[in-house]
Amino acid sequence: MKLYNTLSKRKEEFVPLEEGKVRMYVCGPTVYNFIHIGNARPMIVFDTVRRYLEYKGFDVNYVSNFTDVDDKIIKKAIEEGVTADEISKRYIAECKKDMEGMNVRPATTHPLATEEIGGMIEMIRTLIEKGCAYEKNGTVYFRTRKFKEYGKLSHKNLDDLRSGERSLLVTGEDEKEDPLDFVLWKPKKEGEPSWQSPWSDGRPGWHIECSEMSKKYLGEQIDIHAGGEDLVFPHHENEIAQSEAANGKEFAKYWMHNAFLNIDNRKMSKSLGNFRTVREISEQYDLQVLRFFMLSAHYRSPLNFSADLMEASKSGLTRIVNAADNLKFLMGNAKTEGMTAEEAEAYEKTQEYVRAFESAMEDDFNTADAAAAVFERVKYSNTTADAGSSKEFLQKLLDRLVSLTDVLGLIVDRKEEMLDGEIEKLIEERQAARKAKDFARADAIRDELLEKGIILKDTREGVQWKRA
RNA sequence: GGCGCAGUAGCCAAGUGGUAAGGCAUGGGUCUGCAACACCCUGAUUCACCGGUUCAAAUCCGGUCUGCGCCUCCA
């Protein structure tokens, strides 16, 4: 299995620190509002990475935080006249609903920054003891130049950064020893949430949060650290500096970053007014469609969101779901149980699609290519399975399809709700009308059911239905 | 200014040296009372442009054009 490591700028063979186990940390959202579709990309992408690792038999310890103390949260709390805690709790709950809709599995642990302050203070204390940090007027800064490898992730050199920072120098952050130094702890302002520390009542800087939470739940060294590409600098660069300076060992072995999501070819931003929340999308589409859309391109390529592309994704996903529905429908009407020799042979051929799927995923999680293998698999079962197929054969075809779509987090095997007696009666009545060639009546019933969200399909084997 | 990414059919998108996957859309057909689903057929002598390396390039090198990202705690 190969994955692209931002650190080395190339694809590397994945070798876990401990055989059979993967320790993975994904930077989570700051919870000051509903999550937007840009937040959704890393969630979906890295959830898929996790699913594939588990599919390959790894025991994955997956940690993803919620940043629940931050300027934006405080600002929102002031606007609404409630506590910051109320805001963060509310949007964590909303975020979890969205994750469920996108079929993003809960992490092994979802730490909250506010519940880990003690550990952060300890880490800052260690950094000060080692001479890697210093305190000025209640603020603690990281001494960036003390960490010789600073810039190794974002591949920047300190002097280039320095020239870019000139404007900052004159804006009055002159209490820093060096403009590149960043905050580990800052004193509270009036009315802000705060915690006691040896330096001041205040709160931690953003970067130290992830360093500490990763250490606490996964240990000083982890396999994979992931997030959006905008986090490469400065967030992840700073995490490396803090963690490696404090712990004295390499922090994460592999760094994975997803590319950005644009909307109608423009960057999503508040000033452009093109911000789209996952919740908004869910009013128009099943979030499964959003997930499928996100996986239609490689995670390191920029992806453009538009209504047309969502429609195309919806059609594509429906094709996959239809194939599964069809297998289930045929299974319900199968006349024989055991597989014949020909069927066993036909089933063996599906192994080829599994191989194609896996080799796509093994190549830096190429989900677009993996989806192509799923489509070929779909075509194969659409052309191979029919009313004469045995139940066992159909079941095996379905199982194999589901095992692949599960890795992508696509649900194709939704449990069917029982039909209301009334609806069932209408379907029977329509069948009778059709037999009597009373098509006007038959169509009227079909329209009536459509209004109730039931779509009918007449097949040679009988009437198939599904919820819209 | 510094660092970096991308440009493949109407749209989306794989493919990183061996002669262009897959999906959506379009058009035609089979099936069907009709519809829906499914199936078959329908697509790039060509991969932004120019030049080079090679027996061979969308894939490597150089240049040009275009779009974009990071360098401001925005995933």
Side-chain angles (χ1 to χ4, degrees), chain A residues 6 9 26-30 35-46 67 70-72 151 154-157 159-168 171 182-183 205-207 209 226-235 237-238 257-262 265-271 275 292-293 296-298 300-304 306 308-320 322-323 325-326 329 356 360 363 366-376 378-379 381-383 385-386 434 437-440 442-443 446-447 450 455-460 464-466:
Chain A
T6 307
K9 294 163 89 169
V26 180
C27 289
T30 301
I35 57 165
H36 53 72
I37 57 177
N39 291 310
R41 170 114 105 144
M43 287 180 182
I44 289 169
V45 161
F46 298 117
T67 297
D70 169 273
D71 289 341
K72 289 190 291 291
S154 52
H155 306 100
K156 296 177 187 300
N157 73 66
D159 298 318
D160 287 345
L161 284 171
R162 181 149 209 172
S163 59
E165 294 276 344
R166 204 173 316 162
S167 55
L168 275 183
T171 58
F182 55 91
V183 172
W206 177 40
H207 314 300
E209 295 176 7
E229 66 178 353
D230 58 321
L231 297 183
V232 173
F233 190 90
H235 184 56
E237 194 70 61
N238 291 354
H257 295 97
N258 64 277
F260 257 56
L261 183 81
N262 296 318
N265 293 311
R266 311 201 63 176
K267 184 178 174 175
M268 180 166 56
S269 73
K270 283 194 171 153
S271 55
F275 232 72
F292 183 64
F293 162 74
S296 69
H298 188 94
R300 283 188 290 112
S301 300
L303 181 59
N304 188 44
S306 73
D308 286 352
L309 295 175
M310 281 296 281
E311 284 301 322
S313 291
K314 185 180 176 182
S315 302
L317 180 62
T318 301
R319 180 172 162 78
I320 298 170
N322 279 346
D325 281 348
N326 220 282
F329 179 72
D363 184 16
N366 191 334
T367 53
D369 232 3
V374 170
F375 277 114
E376 295 195 46
V378 160
K379 173 158 282 186
S381 88
N382 282 345
T383 51
D386 58 35
R434 290 178 69 206
K437 299 213 187 298
D438 181 0
F439 297 121
D443 289 351
R446 183 166 59 192
D447 290 344
L450 187 61
I455 296 169
L456 299 184
K457 280 198 271 183
D458 295 325
T459 75
R460 262 172 306 179
Q464 208 178 331
W465 65 275
K466 67 172 182 179

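Just so it is clear: chains get the letters A, B, ... in the order the sequence lines come, proteins before strands, and each one is counted from 1. What you see is a predicted model; the values in this text were computed from it and never measured.
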Heavy-atom closest contact (Met268(A) atom, Gly38(A) atom, distance): CE-N, 3.4 Å
Nearest-nucleotide comparison on RNA chain B, the residue closer to the 5′ end among Ile320(A) and Pro42(A): Ile320(A)
Closest approach of Arg266(A) to Asn304(A) (non-hydrogen atoms, all atoms of both residues): N-OD1, 4.5 Å
Any N/O donor-acceptor pair, Asp443(A) side-chain to G33(B) base, under 3.5 Å: yes
Gap between atoms CD and P, on Glu229(A) and G4(B) respectively (whole Å): 15 Å
CG on Asp325(A) to CD1 on Ile320(A), rounded to 0.5 Å: 12.0 Å
Gap in Å between the two P atoms, one belonging to G4(B) and one to G10(B), rounded: 34 Å
Taking every non-hydrogen atom, the tightest pair across His257(A) and Glu229(A): CB-CA, 3.9 Å
Gap between atoms NE2 and C1', on His257(A) and C5(B) respectively (whole Å): 15 Å
Presence of salt bridge, Asp458(A) and Arg434(A), under 4.0 angstrom: yes
Sugar-phosphate, base or nothing in reach of Glu376(A), heavy atoms under 4.0 Å: sugar-phosphate
Sugar-phosphate, base or nothing in reach of Phe375(A), heavy atoms under 4.0 Å: sugar-phosphate
Val183(A)/Trp206(A) under side chain to side chain contact (heavy atoms under 4.5 Å, CB included): CA gap, chis, key distance, verdict: CA-CA 8 Å; Val183(A) 172; Trp206(A) 177 40; over 6 Å; no
Identified stems (criterion: three or more consecutive Watson-Crick or G-U pairs, under 3.5 Å), RNA chain B: B:1-7 with B:65-71, B:10-12 with B:22-24, B:27-30 with B:38-41, B:48-52 with B:60-64
Nearest-0.5 Å distance, OG of residue Ser381(A) to CG of residue Asp386(A): 11.0 Å
Integer angstrom distance from the C1' of C60(B) to that of C47(B): 16 Å
Nearest-Å distance once atom C1' is located in both A21(B) and C12(B): 14 Å
Closest to side chain of Lys156(A), choosing from G22(B), C71(B), C73(B): C71(B)
Length of the CD-P vector between Gln464(A) and C37(B), whole Å: 12 Å
From Phe293(A) atom CZ to Leu303(A) atom CG, the distance as rounded to the nearest 0.5 Å: 4.0 Å
Inter-residue atom distance Asp230(A).CG - Asn258(A).CG, 0.5 Å rounding: 8.0 Å
Sugar-phosphate only, base, or nothing, as touched by Arg300(A) at under 4.0 Å among non-hydrogen atoms: nothing
Sugar-phosphate, base or nothing in reach of Ile455(A), heavy atoms under 4.0 Å: nothing
Gap in Å between the two C1' atoms, one belonging to A14(B) and one to A20(B), rounded: 10 Å
Touch class at under 4.0 angstrom, heavy-atom based, for Gly227(A) against every strand present: sugar-phosphate
Per Asn39(A) side chain, nearest of listed nucleotides C74(B), G15(B), A75(B): A75(B)
Sugar-phosphate only, base, or nothing, as touched by Glu311(A) at under 4.0 Å among non-hydrogen atoms: nothing
Side-chain donor-acceptor pair present, Thr459(A), Gln464(A), cut-off under 3.5 Å: no
Rounded distance (Å) that lies between atom P of C68(B) and atom CG of Asp230(A): 18 Å
C1' atoms of A57(B) and G15(B), separation to the nearest Å: 13 Å
Span that lies between the C1' atom of G27(B) and that of U42(B), in whole angstrom: 7 Å
5′-ward residue of the pair Arg41(A)/Asn382(A) relative to RNA chain B: Asn382(A)
Distance, C1' atom - from G22(B) to C68(B), rounded to whole angstrom: 26 Å
Least distance between heavy atoms, Ala323(A) atom then Asn382(A) atom: CB-OD1, 3.7 Å
Touch class at under 4.0 angstrom, heavy-atom based, for Lys437(A) against every strand present: nothing
Distance below 4.0 Å between Ser315(A) side-chain N/O and A25(B) OP1 or OP2: yes
Among C71(B), G33(B), C24(B), the nucleotide that comes nearest once only the side chain of Arg319(A) is considered: C24(B)
Interatomic distance, Trp465(A) CH2 vs C37(B) P [rounded to whole Å]: 18 Å
Provide a list of protein-nucleic acid N or O atom pairs under 3.5 angstrom, restricted to nucleotides 10-14 of chain B.
| from | atom 1 | to | atom 2 | distance (Å) |
| --- | --- | --- | --- | --- |
| A14(B) | OP1 | His298(A) | N | 2.9 |
| A14(B) | O3' | Asn366(A) | ND2 | 2.8 |
| A14(B) | O2' | Asp369(A) | OD1 | 2.5 |
| A14(B) | O2' | Asp369(A) | OD2 | 2.7 |

Rounded distance (Å) that lies between atom P of C73(B) and atom CG of Asp70(A): 11 Å
Arg266(A) (side chain) and C68(B) (base): donor-acceptor pair under 3.5 Å: no
Touch class at under 4.0 angstrom, heavy-atom based, for Arg460(A) against every strand present: nothing
Interatomic distance at P, A44(B) relative to A38(B), whole Å: 24 Å
Nearest to side-chain heavy atoms of Phe439(A), which nucleotide of A21(B), C37(B), G33(B): G33(B)
Lys466(A) side, atom NZ; Lys457(A) side, atom NZ - distance, nearest 0.5 Å: 5.5 Å
Touch class at under 4.0 angstrom, heavy-atom based, for Ile35(A) against every strand present: nothing
Taking every non-hydrogen atom, the tightest pair across Thr367(A) and Ala297(A): OG1-O, 3.4 Å
Euclidean distance, atom CZ of residue Phe260(A) to atom P of G67(B) [Å, nearest integer]: 20 Å
Lys267(A) side-chain N/O to C70(B) phosphate OP1/OP2 under 4.0 Å: yes
Rounded distance (Å) that lies between atom C1' of G33(B) and atom NZ of Lys457(A): 19 Å
